[in-house]
K.L.:
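Sharing a structure here in structure tokens format.
Below, chains carry the letters A, B, ... as their sequence lines are ordered, and counting in each starts from 1.
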Amino acid sequence: MERINKIKVKILPYIGIFCFLNLWEILPRLGVVDAQFLPPFSTVCLAIQTLWQDGILYTNTIISLWRVLIGLLLAIFIAVPLGFFLEVFSPEISKRLDGLFNLLSHVNPFSLAPLFILLFGIGEKEKLAIISLSAVWPILFHTITGIRSVNPILIKTGRSMNISTGVLIKDILFPGALPIIITGIRLGVQMSMFMLIAAEMMGAGAGLGWLVHNSAMVYQIPRLYAGGVFIILLGMSLNKIILWFQTYSWFWQERTGVAEQTHIKRRHKQVSSVAVFCFMFIFSGVLFFGGNEVHKINTQVRTLPMNHDMHQHSAGMEKGAETTEPQKAYVPNFKADEDKHK
Amino acid sequence: MYRTKIILQHNLPIILFFLLWEVVANSSLVNPMLLPAFSKVIMTLGGLFYSGELLTHTLISLERALGGFVAALVIGIPLGFLMGGWFRTTQTVLAPLFDISSQVNPFILFHIIILFLGIGETAKITIIAWVCIWPIVFNTAAGVRNVDEILLKEARSFDLQRWSIFYKIILPSAARSIFTGIRISAGYSFFLLIAVEVMGADSGLGWFILYSQENYNVEAIFAGAVVIALLGVTMDAGIKYIEKKIIIWQ
């Protein structure tokens with residue numbers, strides 16, 4: 001009985017996904033849903049395989065990943081030091097600034113996108129600016145909240161021991177605020193994933209957003225779903241990695257609550273150096289290869305004549321075009337594709 | 001008198017910010033093509049409102065955003081209670097599926113929904129609702145999960161009915177968390193509205209900004225951005241106000 005229960009607990013979470021995938025497979029096959037609009041899951045898997053073999057998927061995924069990571073790093077490097085600076089050196093001013101930050105955070109990055117385009121031109125800088133701008137606010141707010149929520153007794157104790165501000169930040173404020181800062185980073189990742197895909201759809205020559213947009217334009221529906229699946233996977237894995245960091249960032253905390261008792265043991269552990277090393281390795285790998293691919297795409301664009309159509313065609317799709325169909329139906333801008341769907 | 005002083009003091013950074021904007025824009029430090037003076041933006045804004053052009057677009061946008069947001073509220077809150085641990089098995093089965101669904105990118109969904117529904121109001125509202133649902137669901141579920149055990153046990157020892165426990169204990173304790181979700185969702189709804197309108201619409205504030213961009217009318221871009229920011233701030237403040245009115249026990 002015990003054993004059956006254990007198996008049940010292990011299987012139960014996957015039942016939902018399993019049923020969902022099965023429905024996705026069966027409904028189009030039975031003709032309940034139009035298979036042209038919703039291809040069966042197996043067809044989508046085949047599309048993923050083809051894309052992978054052509055190398056299109058790898059190029060576009062790593063380019064998107066590179067953009068998100070760089071945008072996020074920029075946002076973190078701006079928001080976290082700013083939050084600490086404001087809170088440590090002038091809590092009074094920081095409180096006063098709350099209203100302004102609140103106002104600014106409601107400025108939609110999308111409404112400023114035209115300005116970024118005017119300022120930087122359509123290119124990497126513009127996309128990175130949009131991504132970082134959307135990720136900066138949640139991170140800044142959570143940094144400030146995190147520092148404010150550090151136990152004041154700890155700060156006072158530190159002060160009474162006459163520690164320097166640097167030590168105060170390093171040993172008290174930073175560990176205390178870290179879990180909340182990471183929550184902010186998670187929200188920032190969510191935001192920047194939204195923005196990334198939108199920015200890539202609006203004007204890019206590569207990336208997962210572009211892949212999906214292009215597939216929709218040339219009416220390659222399985223490829224559209226394949227790109228969508230990969231974007232979900234990318235978002236989920238980023239989320240998982242950050243969650244993993246968050247569980248470790250609580251290492252200093254003693255849990256007293258009854259809830260989530262199973263996690264207590266893990267939370268006291270620090271991150272092992274091997275894991276950090278692996279993470280850094282993968283991270284720099286993505287930055288290196290991603291940067292490489294992005295550079296390649298951009299030089300390709302530059303060598304082409306300045307033509308909007310060419311610009312959108314450039315990302316290694318030439319290979320894909322042979323295996324699929326000629327891109328006759330391709331409509332480059334939004335006005336035109338609106339007409340098509342009407 | 002004292003009150004005006006307080007209000008002035010609290011909003012000092014905002015006033016300073018706009019003053020700085022004005023000064024920098026007039027000082028020929030930056031290209032006026034990129035950063036028009038704040039006074040000019042306000043004047044453009046006034047002119048646009050006077051001609052009624054901007055007002056129409058604002059109302060259309062507001063309708064879309066609120067439509068999606070309200071749909072998300074209606075679906076999200078009950079779903080959140082369902083996920084909060086009253087039906088343990090349903091919760092374990094559905095949780096991973098919801099995790100995945102919340103990662104589904106709205107813009108990808110846009111293309112898929114267009115296949116089925118075509119470009120239209122329904123498609124736009126569906127996308128906004130889709131994104132707004134998840135913060136509400138997850139926050140409601142978290143709120144229900146974090147209800148004080150002792151209160152629940154006490155209620156049971158008083159032999160309260162299931163419905164009364166829900167109404168008198170779970171709903172009030174989860175309220176704060178639910179409102180957090182609602183506020184995040186309200187932010188998302190404006191965020192996405194603009195994106196959706198930029199991608200495929202012939203009206204609304206997002207379209208207005210795109211149109212201004214195509215005409216190199218930078219002042220109008222800023223005017224649109226100011227209106228969107230104001231709408232967002234107002235909505236946020238409105239929800240905070242309602243929260244204060246409803247949650248009187250904390």
K.L.:
For a 4.5 angstrom cut-off between non-hydrogen side-chain atoms, does A/Leu211 reach A/Leu51?
P.N.:
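Touching, per the 4.5 Å side-chain cut-off.
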K.L.:
Measuring heavy-atom distances to chain B, does A/Leu103 have an atom under 4.5 Å in its side chain, in its backbone, in both, or in neither?
P.N.:
both
K.L.:
Just to be sure I understand the criterion: a residue of residues 129-141 of chain A counts if one of its heavy atoms is under 4.5 Å from a heavy atom of chain B. Which ones qualify?
P.N.:
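The stretch touches chain B at A/Ser134.
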K.L.:
Do you see a donor-acceptor pair shorter than 3.5 Å between the side chains of B/Ser203 and B/Arg64?
P.N.:
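A pair is found: one side chain offers a donor N or O, the other an acceptor, under 3.5 Å apart.
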K.L.:
Which answer fits B/Phe208, side chain, backbone, both or neither, if we ask what part of it has an atom under 4.5 Å from a heavy atom of chain A?
P.N.:
neither
K.L.:
Could you name the residues of residues 14-25 of chain B that have a heavy atom within less than 4.5 Å of a heavy atom in chain A?
P.N.:
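Within residues 14-25 of chain B, near chain A: B/Ile14, B/Phe17, B/Phe18.
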K.L.:
At a 4.5 Å cut-off on heavy atoms, which part of B/Val131 comes close to chain A: side chain, backbone, both, or neither?
P.N.:
side chain
K.L.:
Need one label for B/Leu94: side chain, backbone, both or neither, based on atoms under 4.5 Å from any heavy atom in chain A.
P.N.:
neither
K.L.:
Let me know if B/Val233 has heavy atoms under 4.5 Å from chain A in its side chain, its backbone, both or neither.
P.N.:
both
K.L.:
With a 6.0 Å cut-off on the ring centroids, do B/Phe98 and B/Trp134 count as close?
P.N.:
yes
K.L.:
Please lay out, stage by stage, how A/Trp24 and A/Val44 fare under the test side-chain contact (heavy atoms from CB on, under 4.5 Å).
P.N.:
CA-CA 10 Å; A/Trp24 186 358; A/Val44 175; 3.9 Å; yes
K.L.:
Please state whether the side chain, the backbone, both or neither of B/Ala95 comes within less than 4.5 Å of a heavy atom of chain A.
P.N.:
neither
K.L.:
Is it the side chain or the backbone of B/Ser102 that comes within 4.5 Å of chain A heavy atoms, both, or neither?
P.N.:
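B/Ser102 touches chain A through backbone heavy atoms alone.
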K.L.:
Just checking A/Phe18 against A/Tyr14, ring centres under 6.0 Å apart?
P.N.:
no
K.L.:
So, taking the atom named CG in A/Leu208 and the one named CG in A/Asn60, what distance separates them when rounded to the nearest 0.5 Å?
P.N.:
6.0 Å
K.L.:
Search all heavy atoms of B/Gly68 against all heavy atoms of B/Ile128 and return the closest pair with its distance.
P.N.:
CA-CG2, 3.9 Å
K.L.:
Between B/Phe110 and chain A, with a heavy-atom cut-off of 4.5 Å, which part of the residue counts as in contact: side chain, backbone, both or neither?
P.N.:
neither
K.L.:
Between the side chains of B/Lys124 and B/Glu197, is the shortest nitrogen-to-carboxylate-oxygen separation below 4.0 Å, so that they form an ion pair?
P.N.:
no
K.L.:
Quick one: does A/Gln190's side chain get under 4.5 Å of B/Gln103's, heavy atoms only?
P.N.:
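In short, these two side chains touch, coming nearer than 4.5 Å.
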K.L.:
Yes or no on side-chain contact (heavy atoms from CB on, under 4.5 Å) for A/Asn239 and A/Val189, after CA distance, side-chain angles and deciding distance?
P.N.:
CA-CA 8 Å; A/Asn239 211 4; A/Val189 167; over 6 Å; no
K.L.:
Looking at every non-hydrogen atom in both residues, tell me the closest pair between B/Ile221 and B/Ser212 and how far apart they are.
P.N.:
CG1-CB, 3.8 Å
K.L.:
Work out which heavy atom in A/Ala226 is nearest to a heavy atom in A/Ala47; give both atom names and the distance.
P.N.:
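Scanning both residues completely, I find the closest heavy atoms to be CB-CB, 4.2 Å.
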